[in-house]
Number of protein chains: 2
Amino acid sequence: MTPPEPRPRDRGIPEATVARLPVYLRALQALDDRGILTVSSEHLAETTGVNSAKLRKDLSHLGSYGTRGVGYEVEYLIYQISRELGLTQDWSVAIVGAGNLGRALANYGGFGTRGFRIAALLDADTAVLGDTVAGLSVGHIDALEDVVDRENVSIGVIATPAVAAQEVCDRFVEAGVTSVLNFAPVVLNVPPGVDVRKVDLSIELQILAFHEQRKADGYAGLDPFGKGPV
Amino acid sequence: MTPPEPRPRDRGIPEATVARLPVYLRALQALDDRGILTVSSEHLAETTGVNSAKLRKDLSHLGSYGTRGVGYEVEYLIYQISRELGLTQDWSVAIVGAGNLGRALANYGGFGTRGFRIAALLDADTAVLGDTVAGLSVGHIDALEDVVDRENVSIGVIATPAVAAQEVCDRFVEAGVTSVLNFAPVVLNVPPGVDVRKVDLSIELQILAFHEQRKADGYAGLDPFGKGPV
DNA sequence: ACGCCCTTGTGAACACGCGCACAAAGTGGG
DNA sequence: CCCACTTTGTGCGCGTGTTCACAAGGGCGT
C-alpha cells in the first residue's frame, strides 16, 4: 500500500517487520497484564501466529534485547517496541465522516490507550452537527483546517462516502497532514511524502470468498454437503 | 495473515494477485458505470495505483482476456474477475457484535451489491436485541448455530470485544463456517482448513505513526515547524 | 568452578513478488 | 496488401522476506 517511493531504508527496519511490531506489542501487553515477566521467542511466536525465527529476526532489528537461555523481559520489550513505533509520544488524529464507521472509530477503545488522541470528528452533513460521540461533539467539515492547525493533527482518518474522499484527502494534505488512513473504497492521490494506508471491508470479504470457492471446488467430491455458496 | 499452510498453489493464482483483483474490479465497475467499453492496462493501472506490467501479469493469471493493440473489454473483464473471485454466486455472511462496528458493517453498502448477503446480525447483549439495523433485526447470539445452518453461512464476521472473539470463532467453526473476518484485536486460533483475515484499526494507525516519526526525525532540521507529535 | 541445557541472534539457502524491457500480435490507414 | 503503431503477454534479473539450522552466549544446578 504505502511504498511508491521505497523511502531511504527507514533506518533499516523492513516494512514487513514494522507491520508485525504492533501485533507483538499487543501480545506482550496481554502477558504484562497477566503479570508475566519474561517470554521466549517460541512462546510469543505461538501466541501471535508467526514463525519464531522470524520473530527473533524482527526483534533483532531493534537491538539485542533478549537474554540467551531466558527470553525477553516483557516490560522492557514493550517499551522498546513502543518507542520504535513512536507510541511514547502522543499523536493527534482527526476523523472525517460521522456516519456509522466514523462513530465506530471514535468509540474504538484502542486509540486513546495507545498514544492516539482523537482531536475532532467532522462531517459535512449539518443534521449530525453537535451530536456527541465518544465524548466528542461532531464538528463541521469547514473547521478541518483550523483543527489540523490548532491541534497539530498529523494523522487524518477518512470515513466518508467514496465521492468525498479525495477532496477531504486534499484538504488534509493542504493543511499539513502527512499520514492518511482511508476507509473509503477509492485510490487516493497524494503528493510524495504523504503516507496512505487503506482499509477496505469489501475487499477483505472478496478475498475470503475466493478462498471459499477454492475450498468448495476442491472438496466437492469429498464433502458434497459442505457449506457452499447459497 | 492466511498462509500457515501455503495451500497447494490455489490453482496457481498468487495471493498477492488475489488481493489486487478486487481493486481492479472496483475500478472496472466505475468505468462501466461511465459507459466506457475498453481500457488499456496502462490506464487501469494508473487509476488503481499499480504498475502496468504487474497488472497485466495479474490478469494473465486468469487467462488471455486482452486484445493487443486495443486493451481489455471492460464488461468481459468484470465478468472474468468476478467469476474468479467467486462473486458470481451469493455468499451468506453472519455478523456477530451489534456495537458501533457491527452496525457500521451491516450498513456498509458494498456488501449486498457484490454477492454478499447479510444473513444475521447477532449480539449477546439483550439490551440491543430486536433493534433494527439495515433492515435487519438484531438476534441473540444463541441463534448462531441455527442461523449458520439454516442460511448456509460460510463467512463469519466477528465485531465483538476482544474477550468474546475466540469463543464466537469457535462456535462459528463448530457450526461449519470456514472463513472468518475478524475485527477484534486478538489472534484467533482455528483448525486447518479455516481461513482467517484480520482487520485491526489500531495496528494501521501504529504503522502510520512509525512512518510519521521517521519523517519527523529526518526532516527535523529542515522543517522545524512541521507537524510533529503533540 | 564447571558443565549442561536452554534460548537468542544470524548466516545462508530458498521462495516470492516486482518491474524492466521486448517480442508477439492485433488494428487501422494508405 | 503492407506498414506503422499500439498494447498485450512474459522472460529475466533483482530485491525483499521467510525459513532452516546452528554457533554463540547466558543461567543454573551440582
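Source: prediction; values computed, not measured. In the text below, chain A, chain B and the rest are named by the order of the sequence lines, each starting its count at 1.
- With sequence neighbours excluded, no residue satisfies salt bridge (charged side-chain N to carboxylate O under 4.0 Å, His left out) with A:Arg56.
- Closest approach to the B:Arg20 side chain among D:dT18, D:dG9, C:dC18 is made by C:dC18 (side chain taken as heavy atoms from C-beta onward).
- In this structure the side chain of B:Arg103 never reaches within 4.5 angstrom of the side chain of A:Arg103, judged on heavy atoms.
- Annotation: the span from A:Gln206 atom CD to B:Leu25 atom CG amounts to 5.5 Å, rounded to 0.5 Å.
- Residues that satisfy the ring pair (Phe, Tyr, Trp, His ring centres under 6.0 Å) test with A:Tyr76, not counting sequence neighbours, are A:Tyr65.
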Footprint string (nucleotides 24-30 of chain C, 5' to 3'): B base within contact, S backbone only, - free, heavy atoms under 4.0 Å: BBSS---
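- Here the rule is side-chain hydrogen bond (donor to acceptor under 3.5 Å, both in side chains) with B:Tyr24, and of B:Asp58, B:Thr17, B:Thr48 only B:Asp58 fits it.
- If you measure from atom OH of A:Tyr65 to atom C1' of C:dT7, you get 19 Å, rounded to the nearest angstrom.
- Residue B:Leu77 contributes atom CG, which lies 14 Å from atom C1' of D:dT7 at whole-angstrom precision.
- Counting to the nearest Å, the P atom of C:dG9 and the NE2 atom of A:His61 are 12 Å from each other.
- Here D:dT8 presents its P atom at 9 Å from CG of B:Leu59, a figure rounded to the nearest Å.
- Applying the side-chain contact (heavy atoms from CB on, under 4.5 Å) rule to B:Ser40 yields the partners B:Glu42, B:His43; only residues at least two apart in sequence or on another chain are considered.
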Distance-only criterion, 3.5 Å: show the donor-acceptor pairs between side-chain atoms of residues 155-170 of chain B and protein atoms not counting sequence neighbours.
unit_1: B:Gln166; atom_1: OE1; unit_2: B:Asn189; atom_2: N; d: 2.9
unit_1: B:Gln166; atom_1: NE2; unit_2: B:Asp170; atom_2: OD1; d: 2.8
unit_1: B:Gln166; atom_1: NE2; unit_2: B:Asn189; atom_2: O; d: 3.1

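- The side chain of A:Ser60 has C:dG9 as its nearest neighbour among C:dG9, C:dG17, D:dT18.
- The distance from atom CD of A:Glu15 to atom P of D:dT18 is 12 Å, rounded to the nearest whole Å.
- To the nearest 0.5 Å, the span separating CG on B:Leu87 from CD1 on B:Ile78 amounts to 11.5 Å.
- One can place CG of B:Asp58 at 7 Å from P of C:dC18, the figure rounded to the nearest angstrom.
- Residues of residues 37-57 of chain B that place a heavy atom closer than 4.0 Å to DNA chain C, in numerical order, are B:Asn51, B:Ala53, B:Lys54, B:Arg56, B:Lys57.
- Ion pairing between a basic and an acidic side chain is recognised when a charged N comes within 4.0 Å of a carboxylate O; B:Glu174 and B:Arg171 show no such pairing.
- Heavy atoms of A:Thr17 sit nowhere under 4.0 angstrom from any nucleic acid atom.
- In this structure, A:Tyr72 does not reach the D:dG26 phosphate: none of its side-chain N or O atoms is under 4.0 Å from OP1 or OP2.
- Rounded to an integer number of Å, the gap from CD of B:Gln80 to P of D:dG9 is 12 Å.
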